[in-house]
Amino acid sequence: MIDLRRLRAEQAYQTGIESKGVSSDVINRVLELDEAHRSALGAVEEMRSEANAAAKAVGKLKDKDERDAKIAENSVFKAKLGEAEAALATQQQELTELALTMPNPCHESVPLGGEEDFRVENTVGEQSSAPAYDHGAVGELLGVVDTKRAVRMSGSRFAYVMGDAVRLQMALVQWTLAKVAEHGFTPVITPVLVREEMMELAGFFPTDRNQVYEVAEDELYLIGTSEIALAGLHREERIDATDLPVRYAGYSSCFRREAGTYGKDTSGLFRVHQFDKVEMFVYADPEKSWEELELLRQIEEEIVGGLELPYRVITVASGDLGAAAAKKYDLEVWLPSEQRYREVTSCSNYTDFSARRMNTKTKTDGGNVLTHTLNGTACAIGRTLLYIFENHQNPDGSVRIPTVLQPFCPGLEVIEPR
RNA sequence: GGAGAGAUGGCAGAGCGGACGAUUGCGUCGGUCUUGAAAACCGUUGAACCUUUGCGGGUUCCGGGGGUUCGAAUCCCCCUCUCUCCGCCA
C-alpha cells in the first residue's frame, strides 16, 4: 500500500510510481478521488459532531415533552447523516481499491525499463565452458538426485535428494546460518502453513494466488517462501527504534505450483515444487534501510563467492520490479551447461510498503513511524546444489565440495559417480 | 473429534444503555526527597485520520462485520480468533 499523503505532496514519489509503468492518468485519478474523499470526510465529520452533541443533549433533558421533541428532531437529522455516510463509504472504497493497485515507487538509483534493462553492478569469477554433464545428468550419474521415481510418487517437478547430496545440503544450511549469524541474524524455523489473511497481508494474494498450494479443508496455504512468515512476525507491533535493526534468517521448505511454466527448466532441481531455503528478513529503521539493502547484497556475495561460484550482480530495472520492491538486486550464477547467468538469490528493499499493510511501526522520539522491511535470499538450497554440480564438476563427472563446506560434512570432499 | 470459557488502552483487569476514550493496579516518563540509587509521595501517559503556519479543533476506534436506539464497550445477530478440559498423537 502506498502513502497517499506523499503521493499528493511529492513529485518524486509520483515519478517513482510512473517508472514502474503506471500511467499519470491513473495517478491523477487517485489524486482526484483522494481530494474528493477528504472534502466529503470533512463534511460528514461535521455532521457527526452535531449529531453527537444533539444526542447528549437528550440525556440532559428532564421534561418529557421537551425530550420527545428533541428525539424526533434528532432522528430527522440522523437520516440525512446516514445518506452522507453511505456516499462517503462508497467513495472511500473506490479510492482504496485503486490505491491498492499502486506499486511502491522505485528508488531513484533504479535503471528505467523492462526485463532487459538491468544494470550489471559487478562480475566475479570465470565463465567456464560447458561441463560433461549438465546438472540434471550429473545428479543421476552420481545417484544423488532422483526425479524419475519422484514423478511416480508426486508428479513432475519433485525430486528425491539422496546420499551425499543430503550431506552437502545440510552442510550448506549450517554454513549459511553460521555466515548470517556473523551479521546479527537470528535463525528462525517458520510455520510453512499460514492463513489466507497472512497471504493477503504479505502481498501474495490475490496476485499470485495461482502459484500457491492450498489445504482447502483447513483454509491454510503452503508458503512459497519464509518471507511470508517472517513479514508477519511483528504484525500490529511497535518496535522500539533502539532495537532496530531486527534481522531474521528463516529456514523452511518452500512450495510453489509453478503454474504457467510448463516446459521450462524441466530437468533436475532448477525449478521444483518443493525446495528448502534460508531467507533473510530485516526490520529496519526507515533512515537506515538503504544501508541494510547493501548489507544483504554483501552477504549474498559472500555466500555465493565463498562457494567459489562465478556470479554477477545486477540491479533489476524499474519495470521488472514487483509491486513491493523499491529496489532489487539479483545475484546470478554462471550456469555452464546453458552458457549464461541465471538467478540464484536476490534482495529487495520494500521500504514502508509492506509494513503499512502489516501495521508494523517503529517507536521514535518523534512518534510512531512505519518500519521498513527488506528481504533477501541467503541460500536457495536446491538451486545452489545444482550450480555446485556444474561449476565444481571434474571431467569424470565427480563433484568437488567447496572448501568452506568441508568442515560441515567431515570426510566428504568429492562426490563420486556410483 | 467431544465439551466449556473468553476477546476492553504497553500489560493485568473493572465497566454491562446517556456524566466512558473508558475505574484501578503494574509498567512508562517527569518531579519531590537522596551524595547517588531504591523505597515513598506528587504528577504524567492510547492510536489512526481530517483540519490548522502554530496554539488548537473535529471524527473514528473497547476482536471483525451487521442490527436496535435520539444515544452502544454495554442489548441483538453473524463471523473470526484465543484459551481450558477430555480423546488421539511425533
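Each chain gets a letter, A, B and so on, in the order the sequences are listed, and its residues count up from 1.
- As a whole-Å value, the separation of Glu236(A) CD from U80(B) C1' is 14 Å.
- Nucleotides of RNA chain B nearest to Ala72(A) and Ala55(A) differ in position, and the one nearer the 5' end is that of Ala55(A).
- Contact annotation for Lys361(A): backbone-only contact, meaning every heavy-atom pair under 4.0 Å involves sugar-phosphate atoms and none involves a base.
- Listed candidates were C70(B), C81(B), U59(B). Nearest to the side chain of Lys78(A) is C70(B).
- Nucleotide A40(B): paired with U32(B) (Watson-Crick or G-U wobble, both distances less than 3.5 Å).
- Searching all strands for a Watson-Crick or G-U wobble partner of G10(B) with both distances below 3.5 Å returns C26(B).
- G56(B) and A19(B) have their P atoms separated by 25 Å, given to the nearest Å.
- Checked for salt-bridge contact, Glu85(A) and Arg48(A) meet the test: a charged N lies under 4.0 Å from a carboxylate O.
- Proximity note for Arg5(A) (side chain, C-beta onward) versus U82(B), C50(B), G58(B): the nearest is C50(B).
- Straight-line distance between the C1' atoms of C76(B) and G9(B): roughly 27 Å, to the nearest whole Å.
- Nucleic acid contact class of Arg356(A) (heavy atoms, under 4.0 Å, all strands): none.
- Taking the C1' atoms as reference points, G43(B) lies 30 Å from C49(B), given to the whole Å.
- Nucleic acid contact for Arg238(A): none, since no nucleic acid atom lies under 4.0 Å from a heavy atom of the residue.
- Searching all strands for a Watson-Crick or G-U wobble partner of C62(B) with both distances below 3.5 Å returns nothing.
- Nucleotides U68(B) and C83(B) have their P atoms positioned 35 Å apart, rounded to a whole Å.
- Base-pair partner of A3(B): U84(B) (Watson-Crick or G-U wobble, both distances under 3.5 Å).
- Look at CG on Asp3(A): it is 13 Å from C1' on C49(B), rounded to the nearest Å.
- Between the side chain of Arg38(A) and the base of G58(B), no donor-acceptor pair under 3.5 Å is found.
- The distance between the ring centers of Tyr248(A) and His234(A) falls below 6.0 angstrom.
- Comparing the C1' positions of U60(B) and A38(B) gives a spacing of 43 Å, expressed to the nearest Å.
- Lys363(A) places its NZ atom 9 Å from the C1' atom of U28(B), with the value rounded to the nearest Å.
- Taking the six-membered ring for Trp, Tyr283(A) and Phe281(A) have ring centres closer than 6.0 Å.
- Taking atom NE2 on His37(A) and atom P on A48(B), their separation rounds to 18 Å, with Å as the unit.
- Salt bridge absent: Glu83(A) and Lys80(A) never bring a charged side-chain N and a carboxylate O closer than 4.0 Å.
- Taking the C1' atoms as reference points, G21(B) lies 15 Å from G58(B), given to the whole Å.
- Here A72(B) presents its P atom at 12 Å from CZ of Arg48(A), a figure rounded to the nearest Å.
- Side chain of Ile71(A), nearest nucleotide from U60(B), C49(B), C70(B): C70(B).
- Between Glu10(A) and Arg5(A) there is no salt bridge, since no side-chain nitrogen of the basic residue lies less than 4.0 Å from a carboxylate oxygen of the acidic one.
- Comparing U32(B) with G17(B), their P atoms sit 46 Å apart, to the nearest whole Å.
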For the pair Glu32(A) and Arg29(A), evaluate salt bridge (charged side-chain N to carboxylate O under 4.0 Å, His left out) and give the outcome as yes or no after the intermediate values. CA-CA 5 Å; Glu32(A) 272 172 40; Arg29(A) 178 72 187 136; 3.5 Å; yes
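- Look at NZ on Lys56(A): it is 15 Å from C1' on G17(B), rounded to the nearest Å.
- Residues Gly42(A) and Glu46(A) both approach RNA chain B. Their nearest nucleotides, taken by heavy-atom distance, put Gly42(A) toward the 5′ side.
- For Asn368(A) and U28(B), the CG to C1' distance is 14 Å, given to the nearest whole Å.
- When the P atom is used for both U74(B) and G63(B), the distance is 8 Å, rounded to whole Å.
- For Glu45(A), whose side chain is taken as the heavy atoms from C-beta onward, the closest listed nucleotide among C70(B), G58(B), U82(B) is G58(B).
- One interatomic measurement links the two molecules: CD of Gln92(A) to C1' of U59(B), which rounds to 13 Å at whole-angstrom precision.
- At U59(B), one or more side-chain N or O atoms of Ser49(A) fall inside 4.0 Å of OP1 or OP2 (strictly under the cut-off).
- In this structure, Asn52(A) reaches the U59(B) phosphate: one of its side-chain N or O atoms is under 4.0 Å from OP1 or OP2.
- Glu258(A) has a carboxylate O that lies under 4.0 Å from a charged side-chain N of Arg271(A), or vice versa, which qualifies the two as a salt bridge.
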